[in-house]
Chemist: 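The following block contains the structure, expressed as structure tokens.
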2 protein chains.
Amino acid sequence: MAARDYGQYGGVARSLELVGERWALLIVRDLLVGPRRYSELAAGLPRIPSNILATRLRELQEGGVLRRVPHSRVIVYELTEVGRALEPAVLALGAWGLAALGAPRDDQVATADSLTIDLRSAFRPAVAAGLPPTAYTARFGTTELHIRVRGAALEVERGGGECDLAFAAGPDIRSLLSGELAPELAIATGVVEVLRGRGRLLTRFATTFRLVA
Amino acid sequence: MAARDYGQYGGVARSLELVGERWALLIVRDLLVGPRRYSELAAGLPRIPSNILATRLRELQEGGVLRRVPHSRVIVYELTEVGRALEPAVLALGAWGLAALGAPRDDQVATADSLTIDLRSAFRPAVAAGLPPTAYTARFGTTELHIRVRGAALEVERGGGECDLAFAAGPDIRSLLSGELAPELAIATGVVEVLRGRGRLLTRFATTFRLVA
DNA sequence: CGGGATCCCTTAGGATACTG
DNA sequence: CAGTATCCTAAGGGATCCCG
């Protein structure tokens with residue numbers, strides 16, 4: 001009835017029984033950004049077979065992690081309170097994975113939802129709290145995100161919008177966020193292209209979002 | 001070469017490729033407590049087939065999460081720096097799973113290592129920082145742990161030792177840690193049996209370690 | 001068109017036995 | 001003790017099809 005279990009009585013084992021199956025935490029990741037429909041989830045997880053997506057949604061629902069909400073004609077999946085409580089764990093995993101990330105291969109995609117969670121994983125509230133409110137528009141490949149930092153609060157939304165700095169970033173933005181590449185150099189070498197606003201704010205961006213703790 | 005991948009470029013997907021395979025995070029969990037030999041890992045994960053354990057150890061080594069250290073005749077597995085960086089993620093998952101834990105079934109075991117991580121998941125450093133140093137000896141079933149809290153620091157070791165309070169706890173200690181059951185009632189109902197020391201300290205224990213944050 | 005279900009094949013996982 | 005080897009089952013993957 002529960003997913004196949006580990007025969008252990010403990011927190012980690014229980015978590016893995018509920019959300020440890022393949023693809024499950026990626027579904028949770030996308031739902032942490034907001035409620036999504038089946039087809040949106042499928043689009044954000046291009047390689048998931050549709051039967052697996054359906055199976056995982058059912059299992060996660062039975063485990064109390066998410067619920068199906070019928071909205072007139074369409075069905076929307078959203079996290080329950082229990083499911084939202086996974087956020088710290090998902091962000092911690094995200095932060096660890098970001099540090100272990102190499103260069104993107106060309107068979108890999110970065111979706112809006114995954115980028116959003118990546119930003120939240122790399123966000124440093126304690127640092128941001130000491131900085132003035134700032135809005136960025138960031139374009140990664142074809143997806144554009146509107147990022148607003150107000151004190152220790154972060155909001156990320158799809159699409160552009162009013163901002164203090166708009167930039168387009170290539171994959172090497174990793175080196176900017178890891179501190180290997182100075183912001184001025186990132187601009188000079190074309191890793192980051194300033195589209196609008198004050199390029200100096202890229203320094204603030206790079207201290208607000210950072211890999212490795 | 002890497003584990004089968006998700007076709008996504010992002011922190012969470014990368015983490016899951018490295019430590020998302022079945023059993024992998026339970027191995028990491030036990031190694032977070034300390035270096036372990038193959039047979040110790042096998043004993044702590046009673047249901048893992050030995051070929052799977054061997055496969056996981058190899059994959060985790062290739063992923064840079066752990067290393068094999070030959071010690072004269074025996075081989076010891078220990079986490080690398082990268083592997084130890086998984087601690088926040090494992091503890092976050094542990095805390096979430098603890099909150100989702102029901103009563104133990106009799107086909108489930110609780111090992112010393114899993115109990116140790118559970119305690120670390122439930123530990124509240126901010127609360128502990130305001131309390132005097134305290135040492136506990138806790139017996140869960142047949143395993144005994146020596147727990148020392150000094151300010152915001154926690155140490156958990158196998159076995160007993162000098163302590164301010166020694167107690168034996170049944171599975172229902174869950175309700176104590178979740179706040180459903182008052183410490184006095186836990187003692188009165190036999191959920192917790194005080195073996196030595198001041199039973200009043202159980203209240204301190206229950207505020208130092210707590211489910212749900 | 002959204003939300004799946006079915007089919008078939010490949011691969012990983014599980015149980016057990018065995019070896020340097 | 002620290003793993004391989006083998007065999008079998010069950011889960012994942014990919015394509016296609018279906019139904020309201």
Side-chain angles (χ1 to χ4, degrees), chain A residues 1-8 13 16-28 30-31 34-63 66-78 107-109, chain B residues 1-8 13 16-28 30-31 34-63 66-78 107-109:
Chain A
M1 141 158 225
R4 58 220 165 106
D5 74 307
Y6 288 98
Q8 300 221 345
L16 294 178
E17 285 169 6
L18 288 169
V19 295
E21 297 293 307
R22 195 163 159 72
W23 295 104
L25 272 180
L26 294 180
I27 294 170
V28 171
D30 287 4
L31 291 179
R36 294 285 181 268
R37 314 149 61 148
Y38 186 96
S39 51
E40 294 173 317
L41 290 171
L45 272 10
R47 301 252 288 247
I48 195 175
S50 85
N51 56 344
I52 299 294
L53 177 55
T55 302
R56 288 293 168 274
L57 288 172
R58 193 178 342 105
E59 291 167 349
L60 290 171
Q61 186 190 356
E62 287 168 359
L66 57 80
R67 71 171 73 88
R68 320 167 84 230
V69 182
H71 272 191
S72 63
R73 296 286 308 176
V74 297
I75 293 170
V76 170
Y77 296 89
E78 65 180 28
D107 63 335
Q108 289 183 315
V109 300
Chain B
M1 138 160 225
R4 56 218 167 111
D5 72 310
Y6 288 97
Q8 300 221 345
L16 294 178
E17 286 169 5
L18 288 168
V19 295
E21 297 293 308
R22 198 162 157 72
W23 295 103
L25 272 180
L26 293 181
I27 294 170
V28 171
D30 286 4
L31 291 180
R36 294 285 181 266
R37 311 151 61 152
Y38 186 95
S39 51
E40 293 174 317
L41 290 170
L45 272 13
R47 301 251 290 244
I48 196 175
S50 81
N51 56 344
I52 301 294
L53 177 55
T55 302
R56 288 294 168 273
L57 288 172
R58 193 179 340 105
E59 292 166 350
L60 290 171
Q61 186 189 357
E62 286 168 0
L66 58 79
R67 73 172 72 88
R68 318 166 86 229
V69 181
H71 271 191
S72 61
R73 294 289 306 177
V74 297
I75 291 169
V76 170
Y77 295 88
E78 65 180 27
D107 62 336
Q108 289 183 315
V109 298

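Worth saying up front: this structure is predicted, and the values here are computed from it rather than measured. To find a chain, count down the sequence lines: A is the first, B the second, and so on, and within it residues start at 1.
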Chemist: With sequence neighbours left out, what residues match B:Gln61 under side-chain hydrogen bond (donor to acceptor under 3.5 Å, both in side chains)?
Modeler: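 None.
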Chemist: Taking all non-hydrogen atoms of both residues, which atom of A:Pro35 and which atom of A:Val76 are closest, and how far apart?
Modeler: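 Scanning both residues, the minimum pair turns out to be CB-CG1, 3.4 Å.
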Chemist: Please state how far atom CG in B:Leu53 lies from atom P in D:dT4, giving the value in whole angstrom units.
Modeler: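 It works out to 10 Å between those atoms.
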Chemist: Quick one: side-chain hydrogen bond (donor to acceptor under 3.5 Å, both in side chains) partners of A:Arg67, sequence neighbours excluded?
Modeler: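 Only A:Glu78 meet the side-chain hydrogen bond (donor to acceptor under 3.5 Å, both in side chains) criterion with A:Arg67.
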Chemist: Between residues 34-42 of chain A and DNA chain C, which residues have a heavy-atom gap below 4.0 Å?
Modeler: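 Per residue number, the list reads A:Arg37, A:Tyr38, A:Ser39.
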Chemist: What is the separation between atom CG on B:Leu57 and atom C1' on D:dG3, rounded to the nearest whole Å?
Modeler: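 It is 10 Å, rounded to the nearest whole Å.
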Chemist: So how far is it from B:Glu62 CD to B:Leu18 CG, rounded to the nearest 0.5 Å?
Modeler: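 Output value for this atom pair is 11.0 Å.
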Chemist: Both distances under 3.5 Å, Watson-Crick or G-U wobble: on that basis, could you give the dot-bracket string for DNA chain C, with [ ] for crossing pairs and | for other-strand partners?
Modeler: |||||||||||||||||||.
Chemist: In a table with atom names and distances, give each donor-acceptor pair under 3.5 Å that connects a side chain of residues 39-54 of chain B to protein atoms at least two apart or in another chain.
Modeler:
from, atom 1, to, atom 2, distance (Å)
B:Glu40, OE1, B:Arg37, N, 2.7
B:Arg47, NH2, A:Asp5, OD1, 3.3

Chemist: With respect to the side chain of A:Val74, which nucleotide from D:dA2, C:dT16, C:dG3 is positioned closest?
Modeler: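 Of the options given, the side chain of A:Val74 lies nearest C:dG3.
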Chemist: Salt bridge (Lys or Arg N to Asp or Glu O under 4.0 Å) with B:Arg36: which residues, sequence neighbours excluded?
Modeler: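 Salt bridge (Lys or Arg N to Asp or Glu O under 4.0 Å) list for B:Arg36, sorted by chain: B:Asp113.
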Chemist: Quick one: A:Arg58 CZ to C:dG3 P, roughly how many Å, whole number?
Modeler: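 A:Arg58 atom CZ is separated from C:dG3 atom P by 16 Å.
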Chemist: Atom CD1 of A:Ile48 and atom P of C:dG3: how far apart are they, to the nearest Å?
Modeler: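 Taking atom P of C:dG3 as the reference, CD1 of A:Ile48 is at 15 Å.
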Chemist: Heavy atoms only, 4.0 Å cut-off, all strands: where does B:Arg73 land among base, sugar-phosphate and nothing?
Modeler: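 Result for B:Arg73 = nothing.
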Chemist: Spell out, as yes or no, whether a donor-acceptor pair under 3.5 Å connects the side chain of B:Arg56 to the backbone of B:Arg22.
Modeler: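 It does hold such a pair.
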Chemist: Give me the distances for all protein-to-nucleotides 8-12 of chain D N/O pairs that come in under 3.5 Å?
Modeler:
from, atom 1, to, atom 2, distance (Å)
D:dG12, OP1, A:Arg56, NH2, 2.3
D:dG12, OP2, A:Arg56, NH2, 3.1
D:dG12, O3', A:Arg22, NE, 3.4
D:dG12, O3', B:Arg4, NH1, 3.4

Chemist: Rounded to whole Å, please give me the gap between CG in A:Leu45 and P in D:dG13.
Modeler: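 These atoms are roughly 11 Å apart.
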Chemist: What's the spacing between A:Glu59 CD and A:Trp23 CH2 if we round to 0.5 Å?
Modeler: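 Going from CD on A:Glu59 over to CH2 on A:Trp23, the span is 14.5 Å.
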Chemist: Report the distance from atom OH of B:Tyr6 to atom CG of A:Leu25, rounding to the nearest 0.5 Å.
Modeler: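 So the OH of B:Tyr6 and the CG of A:Leu25 are separated by 8.5 Å.
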Chemist: Minimum heavy-atom separation for A:Glu17 to A:Gly7, with atom names?
Modeler: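 Of all heavy-atom pairs spanning A:Glu17 and A:Gly7, the closest is OE2-N, 4.3 Å.
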